[in-house]
Asker: 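I'd like to ask you about the structure that follows.
Counting convention: from 1, in listed order, for ligands and their atoms alike.
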Amino acid sequence: MTEEVDGHIVDRFDISKRLGKGAYGIVWKAVDKRSRETVALKKIFDAFRNQTDSQRTFREVMFLLQFGKHPNIIKLFNIIKADNNKDIYLVFEYMEADLHNVIKKITILKDIHKQYIMCQLFRAIRYLHSGNVLHRDLKPSNVLLDADCRVKLADFGLARSLSSLEDYPEGQNMPELTEYVATRWYRSPEILLAAKRYTKGVDMWSLGCILGEMLLGRALFPGTSTINQIERIMNSIVRPSRADIDSIGSHYAASVLDKMPSRARKPLEQLVSTHDNNAMHLMQNLLLFAPTRRLTVEECLIHPYVIQFHNPIDEPALSSDVALPLPDHIQLSIDDYREKLYQLIQEKRANTRKLTHDRITTSLQPRASTANQEKRGSEWTEGRRKSSAHDRAAPIAQAECSDTDYDTARNSAQGHGYEMNGGGYVNMAEMRARDRAQSADPRRMNGSASVTHNNNNNIEGSRRHKERRRSSEKPRMFSALRGSRLGSSSSTTNQRLVTSGNVR
Ligand SMILES: Nc1ncnc2c1ncn2[C@@H]1O[C@H](COP(=O)(O)OP(=O)(O)OP(=O)(O)O)[C@@H](O)[C@H]1O
């Protein structure tokens with residue numbers, strides 16, 4: 001993978017340091033010479049090497065454009081061609097750390113940070129799942145963070161839309177599991193056991209692994225091979241029933257599991273010793289063998305572990321499925337994918353030029369035309385403008401992101417109630433009732449009782465209510481972190497978070 005950067009990129013950006021390296025690309029911290037904005041510049045190496053890689057590049061860009069409006073999903077600012085027509089550059093909003101590196105510095109994350117990170121991940125995944133899209137590669141290095149503990153989900157290269165199948169019941173009628181190559185440590189049992197179908201449960205499993213990793217300080221199931229991965233999982237999770245095993249629709253799941261050597265069990269509560277019963281309960285109910293038994297993201301959002309951050313306004317959902325212009329089963333030629341992306345770059349350029357032109361024109365005209373100009377601005381440019389404002393306000397710190405060291409993809413090919421295990425948990429009906437009560441609580445909702453948990457809130461709604469949301473979250477989290485940043489002489493994210501102490 002060449003670390004060289006094309007001349008036209010160097011002309012446009014001051015590249016300061018490498019932030020990370022994945023299977024597909026290298027990411028640098030850079031400053032846009034024109035806007036002085038700090039960005040993350042990703043070079044996808046050999047983006048159009050073969051059809052599968054071309055499709056992956058295309059999907060990544062399309063999904064990023066589709067979902068980047070959500071506050072917990074990384075924003076893609078720009079796509080730039082490489083001179084060799086093989087590589088491609090993606091320009092992202094810059095984040096100061098990734099969760100993998102933050103977890104490695106074990107003293108950084110306090111309970112409240114872990115809760116807040118999980119809550120934001122649930123919000124991002126709710127948004128994706130409501131559009132019937134799976135991320136499929138959730139892992140700590142794809143969870144980006146800033147010094148205020150804000151989460152942005154990255155890396156949509158493996159995301160898949162389920163929308164081609166209408167009205168599917170969960171777990172049935174799913175697309176075939178082809179070339180599923182997500183990072184092994186976060187893969188769910190049904191993927192490891194080559195089930196033919198998959199569900200949103202694959203993301204819920206990975207979220208359980210991420211929570212476990214935050215609690216443990218290292219990967220929960222660091223399998224060294226597929227079979228070792230299955231062994232580690234089976235030694236720790238609640239034993240599945242035969243019906244659970246059959247439910248995943250894998251031809252050889254039962255025989256693989258039967259043949260598994262019996263080792264001393266180390267249940268999750270022994271593997272991860274935590275004083276926090278809510279954390280344990282959430283993890284156990286995400287890490288269930290049968291995908292249909294796992295908590296859904298909606299259930300997670302109102303779980304006691306994150307309930308203090310729950311606010312329906314911050315949990316927008318899409319009202320319709322998100323499908324890419326090209327269905328998954330249709331693979332274009334490499335040239336066609338490249339052309340489609342280049343077309344997109346042209347369109348974006350045209351939109352930006354148009355917007356700039358409009359801005360100049362409107363600045364010479366009476367103010368009334370501004371509204372029209374706003375309307376004409378594409379989503380792309382709108383996203384960019386808004387996030388530029390945010391970036392200017394955001395502190396710039398030394399990045400703590402570094403290379404991922406997981407094995408990665410390229411080379412390898414509902415209806416729950418909480419169990420009452422004597423742990424004193426409320427069941428789902430009670431939780432929902434509490435949710436409704438809290439939503440009606442004027443301190444939380446500030447009178448917006450019309451927005452309920454099940455509504456398909458949209459992002460605009462979320463923006464409009466931003467001030468209300470802040471009133472419920474700021475005192476709990478941000479003020480303490482901000483205070484610590486001001487009090488710390490260090491400029492690094494990690495040190496700022498370390499000094500944040502107990503923010504409750
Ligand atoms: N916007 C960003 N701001 C800061 N760092 C980033 C950003 N995007 C990515 N990184 C860093 O670069 C690393 C690799 O990025 P990314 O996951 O997009 O690459 P990839 O090649 O698709 O990786 P993978 O091998 O996981 O598929 C991330 O783990 C993170 O440390």
Side-chain angles (χ1 to χ4, degrees), residues 1-3 13 15-32 37-47 49 52-53 55-61 63-64 67-68 71-79 87-105 124 135-147 150-159 179-187 206 210 213 219 383-384 387 390-391 394-413 492-494:
M1 195 179 290
T2 174
E3 296 218 14
F13 297 95
I15 296 174
S16 53
K17 65 183 274 191
R18 196 173 85 171
L19 298 172
K21 186 176 171 189
Y24 295 87
I26 302 176
V27 183
W28 293 274
K29 182 178 181 181
V31 174
D32 185 322
E37 241 178 290
T38 302
V39 295
L41 181 69
K42 176 172 174 176
K43 178 181 181 180
I44 304 186
F45 179 69
D46 226 347
R49 187 172 63 156
T52 304
D53 284 357
Q55 190 179 30
R56 184 192 153 110
T57 306
F58 179 77
R59 276 195 198 137
E60 177 165 13
V61 168
F63 280 125
L64 280 164
F67 290 113
N72 298 119
I73 294 175
I74 199 76
K75 277 189 180 51
L76 174 63
F77 289 156
N78 210 347
I79 319 162
D87 309 330
I88 202 148
Y89 293 89
L90 304 184
V91 185
F92 290 98
E93 68 180 307
Y94 168 71
M95 295 295 282
E96 292 156 316
D98 71 49
L99 184 59
H100 171 64
N101 286 291
V102 170
I103 291 173
K104 277 203 295 197
K105 314 261 158 79
H135 185 281
R136 303 204 312 166
D137 198 14
L138 294 172
K139 57 183 176 182
S141 60
N142 286 340
V143 176
L144 305 177
L145 288 165
D146 72 10
R150 268 185 296 234
V151 163
K152 305 259 177 179
L153 185 58
D155 198 352
F156 282 68
L158 284 182
E179 25 91 19
Y180 193 104
V181 287
T183 314
R184 185 194 304 128
W185 298 351
Y186 308 91
R187 273 183 226 162
S206 308
I210 293 174
E213 191 159 331
R384 180 147 173 76
S387 107
H390 164 260
D391 282 355
I396 295 173
Q398 285 171 21
E400 287 293 325
C401 300
S402 65
D403 297 358
T404 52
D405 54 8
Y406 299 119
D407 64 330
T408 41
R410 196 164 199 164
N411 298 322
S412 53
T492 71
T493 303
N494 285 351

Asker: Would you say that Y94 contacts L19 through its side chain, given a criterion of any heavy-atom pair below 4.5 Å between the two side chains?
Answerer: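 A side-chain contact exists here, since the closest heavy-atom pair is under 4.5 Å.
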Asker: Can you list the atoms of ligand 1 that are under 4.0 Å from a heavy atom of R56?
Answerer: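 Numbered from 1, ligand 1 contributes 22 (O), 27 (O).
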Asker: Checking the side chain of K75 only, and the main-chain atoms of G68 only, is there a donor and an acceptor separated by less than 3.5 Å?
Answerer: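 Yes, K75 side chain to G68 backbone: donor-acceptor pair under 3.5 Å.
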Asker: Does ligand 1 have a heavy atom under 4.0 Å from the side chain of I44, from its backbone, from both, or from neither?
Answerer: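 No part of I44 is near ligand 1 at this cut-off.
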Asker: Mind checking whether G25 has an N or O less than 3.5 Å away from an N or O of ligand 1?
Answerer: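 Right, the criterion is met.
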Asker: Please check if the side chain of K42 supplies one atom and the backbone of I26 the other of a donor-acceptor pair under 3.5 Å.
Answerer: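 Side chain of K42 to backbone of I26: no pair is present.
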Asker: Please work out, at 4.0 Å between heavy atoms, whether the side chain, the backbone, both, or neither of H100 comes within that distance of ligand 1.
Answerer: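 Near ligand 1, H100 shows nothing, with every heavy atom at 4.0 Å or more.
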Asker: Is a salt bridge present between D98 and K21, judged by a nitrogen-to-oxygen distance below 4.0 Å?
Answerer: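 Salt bridge: no.
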Asker: Which bit of K43 is near ligand 1, meaning a heavy atom under 4.0 Å away: side chain, backbone, both or neither?
Answerer: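 For K43, no heavy atom sits under 4.0 Å from ligand 1.
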Asker: Which bit of N142 is near ligand 1, meaning a heavy atom under 4.0 Å away: side chain, backbone, both or neither?
Answerer: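 The part of N142 near ligand 1 is the side chain, not the backbone.
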Asker: Answer with yes or no whether K75 contacts ligand 1, where contact means a heavy atom under 4.0 Å from a ligand atom.
Answerer: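 Contact check K75 vs ligand 1: negative.
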Asker: With heavy atoms under 4.0 Å as the rule, classify the contact between E96 and ligand 1 as side chain, backbone, both or neither.
Answerer: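 It is neither part, as no heavy atom is under 4.0 Å.
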Asker: May I ask whether K139 places a heavy atom under 4.0 Å from ligand 1?
Answerer: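 Right, K139 reaches ligand 1.
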Asker: In terms of atom number and element, which parts of ligand 1 are under 4.0 angstrom from non-hydrogen atoms of F92?
Answerer: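 Within the 4.0 Å cut-off of F92, ligand 1 contributes 1 (N).
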Asker: Does the N or O separation between D98 and ligand 1 drop below 3.5 Å for any pair?
Answerer: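 Yes; the residue has a nitrogen or oxygen that sits under 3.5 Å from a nitrogen or oxygen of the ligand.
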Asker: Which heavy-atom pair separates E93 from A40 by the least distance, and what is that distance?
Answerer: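 Result for this residue pair: O-CB, 4.0 Å.
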Asker: For the residue pair L41 and F13, what are the closest heavy atoms and their distance?
Answerer: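 For L41 and F13, the tightest heavy-atom pair comes out as CD1-CE1, 4.3 Å.
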Asker: Using the test side chain to side chain contact (heavy atoms under 4.5 Å, CB included), find all partners of V61 that sit at least two apart in sequence or belong to another chain.
Answerer: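 V61 satisfies side chain to side chain contact (heavy atoms under 4.5 Å, CB included) with L65, L76, I79, L90, L341, L344 only.
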Asker: Heavy-atom pairs closer than 4.0 Å: do any link ligand 1 to the side chain of Y24, the backbone, both, or neither?
Answerer: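 The answer is both, backbone and side chain.
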Asker: Check R136, R59, K139, R56 against D155 for a salt bridge (charged side-chain N to carboxylate O under 4.0 Å, His left out) and give me the one that passes.
Answerer: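 Exactly one pass, corresponding to R56.
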Asker: For D155, take its heavy atoms, then give the atoms of ligand 1 lying under 4.0 Å from any of them.
Answerer: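 Those of ligand 1 that fall under 4.0 Å from D155 are 17 (O), 20 (P), 22 (O), 23 (O), 24 (P), 26 (O), 27 (O).
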Asker: May I ask you to decide if H100's main-chain N or O and S141's side chain share a donor-acceptor pair within less than 3.5 Å?
Answerer: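 Here the side-chain-to-backbone pair does not exist.
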Asker: Side chain, backbone, both or neither: which applies to A154 and ligand 1 if a contact is any heavy-atom pair less than 4.0 Å apart?
Answerer: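 None of A154 does.
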Asker: Among residues at least two apart in sequence or on other chains, which ones pass ring pair (Phe, Tyr, Trp, His ring centres under 6.0 Å) with F156?
Answerer: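 Applying ring pair (Phe, Tyr, Trp, His ring centres under 6.0 Å) to F156 gives H135.
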Asker: Would M95 count as a polar contact of ligand 1, with the cut-off being nitrogen or oxygen pairs under 3.5 Å?
Answerer: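 Looking only at distances, the answer is yes, because the N/O contact criterion of under 3.5 Å is met.
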Asker: Would you mind telling me if ligand 1 is within reach of the side chain of L144, the backbone, both or neither, using heavy atoms under 4.0 Å?
Answerer: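 Only the side chain of L144 comes within reach of ligand 1.
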